Amino acid sequence: MYTRLKKENKIWLSSPHMGGKEKMYIEEAFDTNWIAPLGPNLDLFENSLSKLSSNYHVAALSSGTAAIHLALILLGIKKDDDIICSTFTFAASVFPVSYLGANPIFVDSERKTWNMCPNLLEDAIKVGIEKNKKPKAIILVHIYGMPASMDDIMCIANKYNIPVIEDAAEALGSKYKSNPLGTFGKFGIYSFNGNKIITTSGGGALLSKDKYNINKAKKLATQAREDVSYYEHKEIGYNYRLSNVCAGIGLGQLDVLQSRIKRKREINSYYKNELADNNNLFFIEESSDSFCNFWMTTCLLDNKLTIDNENLRLDLASYNIEARLLWKPMHLQPIFLNCKKYINGVSEDLFSRGICLPSGTNMGQHELDRVINRIKKLYAS
Ligand SMILES: *Cc1c(COP(=O)(O)O)cnc(C)c1O
């Protein structure tokens, strides 16, 4: 096995994939000495993101988590407020609720999109209202790039007049009825962490139709400095701005975003076609309203089999192929066990039999075939 590991290079789940121009933008930052959380790359990066997002206003930030935190602050969220969250997500979409001492209320997924179930969302809101504690916001996630059922979700959110923060950290470039995700709610957020569809090494963005909110976010993200010549502070600030150097990486990455999405979608179709005969594996499909960036190709295993998702993960790992189980739902996390929840079993089922397959756009055809052949062999044995 040792020789095999040495011979065949590691296939990662999804690693950074530079486009080529990133270094040029970084060098520009060095040459002009804009090595700061402001500068021309940052402005350009925000403008380019805005063009991709229905000309919404954009603040580029140090992380997606910071963007969610600022969105909650701008909505005036305080200690003990109730915030509805998708349970099937990465913890970073919920942690900022805890930063503010507010309470996450977890809502389970629907089968169709794996995202927040509209019926359970309405149940959660109604119970809150009956108890005289209407939820103050909804943090809605588009998991693995798949658009949530936006018509249904927004209809409910508008009916009860509750603001939506769209966590589109994994969904840059995905669309619902031709509109970019992140532009449906009062706020949208993106992440540019190392494993996302494009990266700034670490970074994020907050977007909103409302210019005032984004200007306020930029101020809060630079230690809430007042606009006077000396350092004056009337409110608590944060150090959350993206640096001009990292924004340079982002500019290079935006140049190749469309080709990355195209490749992610090709990878997804290739897995589906090649594994179509395997009746033990099920792949999620887009609805006719949705365009998914397929940041990650995922599949569910038949639970009647002896090979479960952890067996598959370990088998692939022994061939130097990185796969990963799906997100463990938030309502099962030790830190959130005491939170209120509205559960229908879907996210628990996804976690118990789902897996993310290597989806990196820098994988060559040979590597993709290595993954597929290994899966085929495992099921044939
Ligand atoms: C990555 C991610 C985040 C956090 O983004 P960071 O930039 O890593 O802080 C939030 N929500 C989801 C669903 C994510 O995948």
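Ligands are counted one by one from 1 in listed order, and the atoms in each one are counted from 1 as well. Residue numbers run from 1 in the order of the sequence given. All values below come from the heavy atoms of this structure, side chains included, with hydrogens, waters and symmetry mates left out. Note that the coordinates shown come from a computational prediction; the quantities given were computed from them, not determined experimentally.
- Heavy atoms from other residues, nucleotides or ligands lying under 6.0 Å from NZ of Lys272 number more than 12.
- For ligand 1, the atoms closer than 4.0 angstrom to any heavy atom of Ala92 are 3 (C), 4 (C), 10 (C).
- Using cut-offs of 30° and 60° on the angle between ring planes, the pair Phe192 and Phe45 is perpendicular.
- The atoms of ligand 1 that sit less than 4.0 Å from any heavy atom of Gly203 are 7 (O).
- Near Glu170, meaning under 4.0 Å from any of its heavy atoms, are these atoms of ligand 1: 13 (C), 14 (C), 15 (O).
- Taking the ring centre of Tyr319 as origin, the terminal cationic atom of Arg370 falls outside the region bounded by 6.0 Å and 45° from the ring axis.
- Applying the 4.0 Å criterion to heavy atoms of Thr89 picks out, from ligand 1, the atoms 13 (C).
- The Ser191 neighbourhood of ligand 1 comprises atoms 1 (C), 5 (O), 6 (P), 7 (O), 8 (O), with distances under 4.0 Å to a heavy atom of that residue.
- Other residues, nucleotides and ligands contribute at most 12 non-hydrogen atoms within 6.0 Å of the NZ atom of Lys112.
- Under a 4.0 Å criterion applied to the non-hydrogen atoms of Asn193, ligand 1 contributes the atoms 8 (O).
- Closest protein heavy atom to atom 11 (N) of ligand 1: Asp167 OD2, 2.7 Å.
- The only member of Asn362, Thr199, Thr361 that meets side chain to side chain donor-acceptor pair (under 3.5 Å) when paired with His17 is Thr361.
- Considering backbone and side-chain N/O of Gly64, one or more are found under 3.5 Å from N/O of ligand 1.
- Separation of the His69 and Tyr238 ring centroids falls under the 6.0 Å cut-off.
- Within a 6.0 Å radius of NZ in Lys175, no more than 12 heavy atoms belonging to other residues, nucleotides or ligands are found.
- Contact atoms of ligand 1 toward Ala169: 2 (C), 3 (C), 10 (C), 11 (N), 12 (C), 14 (C) (distance under 4.0 Å to a heavy atom of the residue).
- At least one N or O atom of Lys196 sits closer than 3.5 Å to an N or O atom of ligand 1.
- The shortest contact between atom 9 (O) of ligand 1 and any protein heavy atom is with Thr65 OG1, 2.5 Å.
- A 4.5 Å side-chain heavy-atom check between Ser347 and Trp114 finds every atom pair outside the cut-off.
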